[in-house]
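Basis for what follows: all heavy atoms, side chains included, without hydrogens, waters or symmetry-related copies. Every chain is numbered from 1, with letters handed out A, B, ... down the list of sequences.
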Amino acid sequence: MNSYFNAEKISENVYWVGAVDWHVRDFHGYKTQRGTTYNAFLIIDEKITLVDTVKKEFASEMLARISSVIPPEKIDYIISNHAEPDHSGSLPEAIAAIKPEKLFASSFGAKTLKPYYDIDADVVPDGSSISLGKGTVTFVETRMLHWPDSMVSFYDRDGVLFSQDAFGMHLAGSKLWADEYPADILDYEARKYFCNIINVQSGKVLALLESLPKLNLDIKIVAPDHGPLIRKDFDKVLALYHEVATQAPVPRAVVVYATMWHATEMLARAFADGVRAQGMEVKMLDLAVSDRSEVMTEVANAGLIAFGAPTMNNNVFPAMMDTLTYVRGLKPLNKTGFAFGSCGWSGEGAKQISEQINLMKFEQPLPFLQVKYRPSDEEMKRAFDAGYQLAEQLCAKCAK
Amino acid sequence: MEKYICDVCGYVYDPEKGDPDNGIAPGTAFKDIPEDWVCPECGAPKDSFSAE
C-alpha cells in the first residue's frame with residue numbers, strides 16, 4: 001500500500017508508527033523547547049497489535065504509517081499503556097478505523113478511558129500475559145508512574161519493552177534511536193523529564209528499579225512513548241534514573257527570583273556572588289524569562305536554592321508563588337533554601353516565600369532577608385554572606 | 001472515626017462514607033478494611049495510607 005507517511009522498523013516484527021511534534025512549546029505547562037514525539041508501535045504477529053496511539057491531531061498520520069505496513073483493519077488488538085490524551089487521543093479514530101477485537105488496559109486504564117472517550121477496555125491484571133501467536137506480551141503495572149493507570153508491556157519475541165512515559169523525554173527528531181543524538185542533550189532532557197513528571201514518585205521509581213531485574217525480561221529495546229528509543233547502554237539510563245530518584249544533595253546552587261525595580265535582583269546577584277566566592281557553581285534564573293519547568297530542572301540539579309521576590313499589594317510577587325506551588329508539588333528532597341526580597345512598604349514577600357520553603361521541607365538555616373526599596377550596602381553584604389555561608393554548609397553536607 | 005489519607009495521590013478515606021464502589025460499607029473504620037483493598041483513586045496499597 002502506498003503512503004506518504006511511512007512506518008519505521010525497529011525490530012524484526014515491530015514498527016514505529018508515531019508522530020513528531022516539532023513545534024509544541026507548551027506541554028501542559030512544561031516548556032518543551034525541543035518539541036516532542038508521540039511514539040506508537042505496531043507488532044506484526046498472528047494477532048497484529050497496536051501499542052498506544054498519538055495525540056489527537058496526528059491520528060491520520062499514525063493511520064497512514066500503519067497503512068504503509070498493513071491495512072489498519074487487519075489489526076486485532078490495541079494496548080493502551082497510558083490513557084493520558086497525548087497517547088490515547090487518537091484511540092477513538094483508531095478504533096473506528098481498526099474495529100479491534102480487543103482493547104487492553106490496566107484496571108485503572110479502563111477507569112480512565114471510560115470518562116475520556118466512553119470506551120470499554122479489557123482489563124489486564126498486573127503481571128498477566130496475552131499471546132499474540134508466536135510472541136507474548138506481558139503487562140507490568142507502574143501505578144502513579146505517572147498516572148494511576150500507567151503500565152508497561154513487554155513483547156518477548158523481539159525483546160521490546162514498551163515503557164510508556166518511563167525512560168522518555170520531550171525531544172523531537174527524525175532519528176529513532178537515542179544513540180543518534182548528542183549525549184548532553186539526552187542527559188538534559190531525560191533529567192528535565194524526570195524531575196518535572198516523575199519526581200514526586202521518586203520512591204516508587206527506586207522500588208521499580210529494584211524489582212525490574214527480578215522479572216528476568218530479556219530487554220533488547222526500550223521503547224518509550226516520548227523521544228528516542230534505546231537499543232544501547234540501557235544500564236546507563238537505569239543508572240541515571242537511580243541517581244535522579246535518589247535525590248542526594250549536590251554541590252550546586254540556583255537563585256530563582258522575580259524583580260520589579262531591580263532591588264530583589266541586586267540581592268539575588270549578591271547572594272550568587274557569595275556562592276561563587278565560596279567556590280560553588282551557581283546559576284541565576286529570572287522568572288520573567290524562565291518558566292517553571294526550567295526552574296524545576298535546575299532545582300532538581302542543585303542542593304541550595306534561594307528564592308527571592310518583591311512584595312506586591314501585600315503579597316509575594318505572583319510569578320514566585322506560581323513557581324513555588326509547582327516545585328512544592330513535585331516534592332524535591334534534600335534541599336537547603338533561603339528566602340529574600342524587597343518591598344516598598346508592607347513587606348510580606350520574603351516571609352511568604354520562607355513559609356513555602358518550610359512547607360517544602362527544605363532546610364532553612366538562615367532567616368529570610370526582607371529589605372525596603374533598595375538594599376543598603378549592609379543588606380547587600382548580608383545577601384552575599386548568606387550565599388557564602390549556605391554554600392559552605394552544603395559543601396560539608398555533600399562531603400559526608 | 002479517623003480519616004486516612006493516601007500518601008501517593010492524596011485521596012482521603014472517610015469512614016463515614018466508606019468506599020461502597022469497592023465493597024467497603026459506610027461506617028467501616030480504616031483498620032477494618034481488608035488488607036487487599038487499594039486506594040480507589042490511584043491503586044496504592046492499604047499500607048500507603050496515614051492517619052490524617
| task | Quick one: list whatever passes ring-ring contact (aromatic ring centres under 6.0 Å, His included) with A:F362, sequence neighbours left out. | result | none

| Quick one: CE on A:M144 to SG on B:C6, what's the gap to the nearest 0.5 Å? | 7.5 Å

| Among all residues two or more places apart in sequence or in another chain, which pass the side-chain contact (heavy atoms from CB on, under 4.5 Å) test with A:A239? | none

| Closest non-hydrogen atom pair between B:C42 and A:P148, with its separation | CA-CB, 3.6 Å

| task | Tell me, please, which residues at least two apart from A:L215 pass side-chain contact (heavy atoms from CB on, under 4.5 Å). | result | A:V140, A:L212, A:L217

Compile the donor-acceptor pairs, distance criterion under 3.5 Å only, formed between chain B and chain A.
residue, atom, partner, partner atom, Å
B:V8, O, A:Q201, NE2, 3.3
B:G43, O, A:R143, NH1, 2.5

